[in-house]
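From a predicted model like this one, the values you see are computed outputs, not experimental measurements.
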Amino acid sequence: MELVNQIIEKSTELVASGGLLFGFLMVLTEAFLPILPLGVFVSLNINAFGFFIGVVISWLATCLGSYIAFIFFNLLETKLLYKLVKSKTAKKVDEQIHKFNKIKFQSLVLILTLPFTPSCLINLLAGVSSMSKEKYLSAILVGKAFMITFWGYIGKSFIESLTDIKALIYIGVILLLAYIISKIVSKKMNIE
């Protein structure tokens, strides 16, 4: 456990020494590279800058990153669809985009709120769909606020309780429930 505490301490010091811009850019980058661990970045921001500032800069960064990705895919829509029309998966992709066009605002917010939803895929589907920029931006602002707060709470609790097995089990149960709910929503909304 001492090694884990040292890694957390050094990582937090690195983020704090980089300043708010570094913490912001760290989370912003995750919107373009979904393999990066958003929950870890949010936790590091909270440890480095405090809960409120850590959550706010993480929320702003993930919202901006998601919206930039949405705009990027929106601009590439014609080129992307032209290439997909030539592929065998064009019909399946077109069906998903058609379904995504009809998604209700509340459902979109719920999908964006769930921490295990692949936000890169949601940004792509929204970008190539006929969804308005206002609807997507509004959904991002609402949904990501809850998701970042979730990661902030879980991450902060996780870092503080790495030596408490009961807390680890509790966090594991919460994450498992969130994952199950996201899978149910994913199947119900037919989003892969």
Side-chain angles (χ1 to χ4, degrees), residues 1-76 108-127 131-164 167-168 170-172 174-175 178-179 182:
M1 284 301 152
E2 185 62 33
L3 177 64
V4 173
N5 288 334
Q6 288 176 352
I7 291 171
I8 293 167
E9 186 178 312
K10 293 295 181 190
S11 299
T12 301
E13 288 173 12
L14 176 68
V15 173
S17 67
L20 291 175
L21 182 61
F22 180 74
F24 183 87
L25 293 174
M26 195 171 55
V27 175
L28 181 75
T29 305
E30 186 277 334
F32 301 98
L33 299 170
I35 60 167
L36 296 176
L38 179 63
V40 171
F41 292 164
V42 172
S43 297
L44 287 173
N45 278 340
I46 288 170
N47 278 344
F49 309 115
F51 188 81
F52 181 75
I53 292 174
V55 165
V56 169
I57 64 169
S58 297
W59 172 68
L60 291 172
T62 195
C63 288
L64 181 62
S66 292
Y67 194 65
I68 289 170
F70 167 78
I71 296 296
F72 175 76
F73 290 125
N74 194 263
L75 293 173
L76 288 181
L108 181 59
V109 168
L110 178 62
I111 289 169
L112 290 166
T113 299
L114 296 172
F116 297 106
T117 302
S119 62
C120 190
L121 177 62
I122 303 303
N123 296 334
L124 170 68
L125 285 172
M131 185 177 297
S132 74
K133 292 174 181 159
E134 295 79 18
K135 178 179 179 179
Y136 198 62
L137 180 60
S138 299
I140 289 170
L141 292 172
V142 174
K144 296 287 187 178
F146 289 102
M147 184 198 55
I148 292 298
T149 303
F150 168 84
W151 279 122
Y153 174 75
I154 293 298
K156 185 71 172 170
S157 298
F158 182 73
I159 288 173
E160 289 177 348
S161 60
L162 282 173
T163 57
D164 183 2
L168 291 174
Y170 177 72
I171 290 168
I174 289 173
L175 291 175
Y179 177 76
S182 70

**Request:** Return the set of residues passing ring-ring contact (aromatic ring centres under 6.0 Å, His included) with Y67 (not counting sequence neighbours), or none when no residue passes.
**Result:** F70

**Asked** Taking only residues two or more places apart in sequence, or in another chain, which ones meet F41 in a ring-ring contact (aromatic ring centres under 6.0 Å, His included)?
**Response** none

Distance-only check: which donor-acceptor pairs under 3.5 Å involve side-chain atoms of residues 50-65, not counting sequence neighbours?
| unit_1 | atom_1 | unit_2 | atom_2 | d |
| --- | --- | --- | --- | --- |
| S58 | OG | N45 | ND2 | 3.0 |
| S58 | OG | G54 | O | 2.7 |
| W59 | NE1 | L141 | O | 3.0 |

Atom of [X], atom of [Y] and distance for their closest heavy-atom approach:
X    : Y    : answer
G143 : T113 : CA-OG1, 3.3 Å
S66  : A31  : N-CB, 3.9 Å
M147 : L112 : CB-O, 3.9 Å

**Item:** Among I46, L44, V40, side chain to side chain contact (heavy atoms under 4.5 Å, CB included) partner for V42
**Value:** I46

Output the distance between atom [atom1] ([X]) and atom [atom2] ([Y]), rounded to the nearest 0.5 Å.
X    : Y    : atom1 : atom2 : value
N74  : I68  : CG    : CD1   : 14.0 Å
F24  : F49  : CZ    : CZ    : 12.0 Å
K135 : I140 : NZ    : CD1   : 12.5 Å
I148 : K144 : CD1   : NZ    : 7.0 Å

**Request:** For S138, enumerate each residue passing the side-chain contact (heavy atoms from CB on, under 4.5 Å) test, keeping only those at least two apart in sequence or located in another chain.
**Result:** F105

**Asked** With L21, which residues qualify under side-chain contact (heavy atoms from CB on, under 4.5 Å), at least two apart?
**Response** L25

Kindly list each side-chain donor-acceptor pair under 3.5 angstrom involving residues 119-126, sequence neighbours excluded, with atom names and distances?
| unit_1 | atom_1 | unit_2 | atom_2 | d |
| --- | --- | --- | --- | --- |
| N123 | OD1 | Y136 | OH | 2.5 |
| N123 | ND2 | S119 | O | 3.1 |

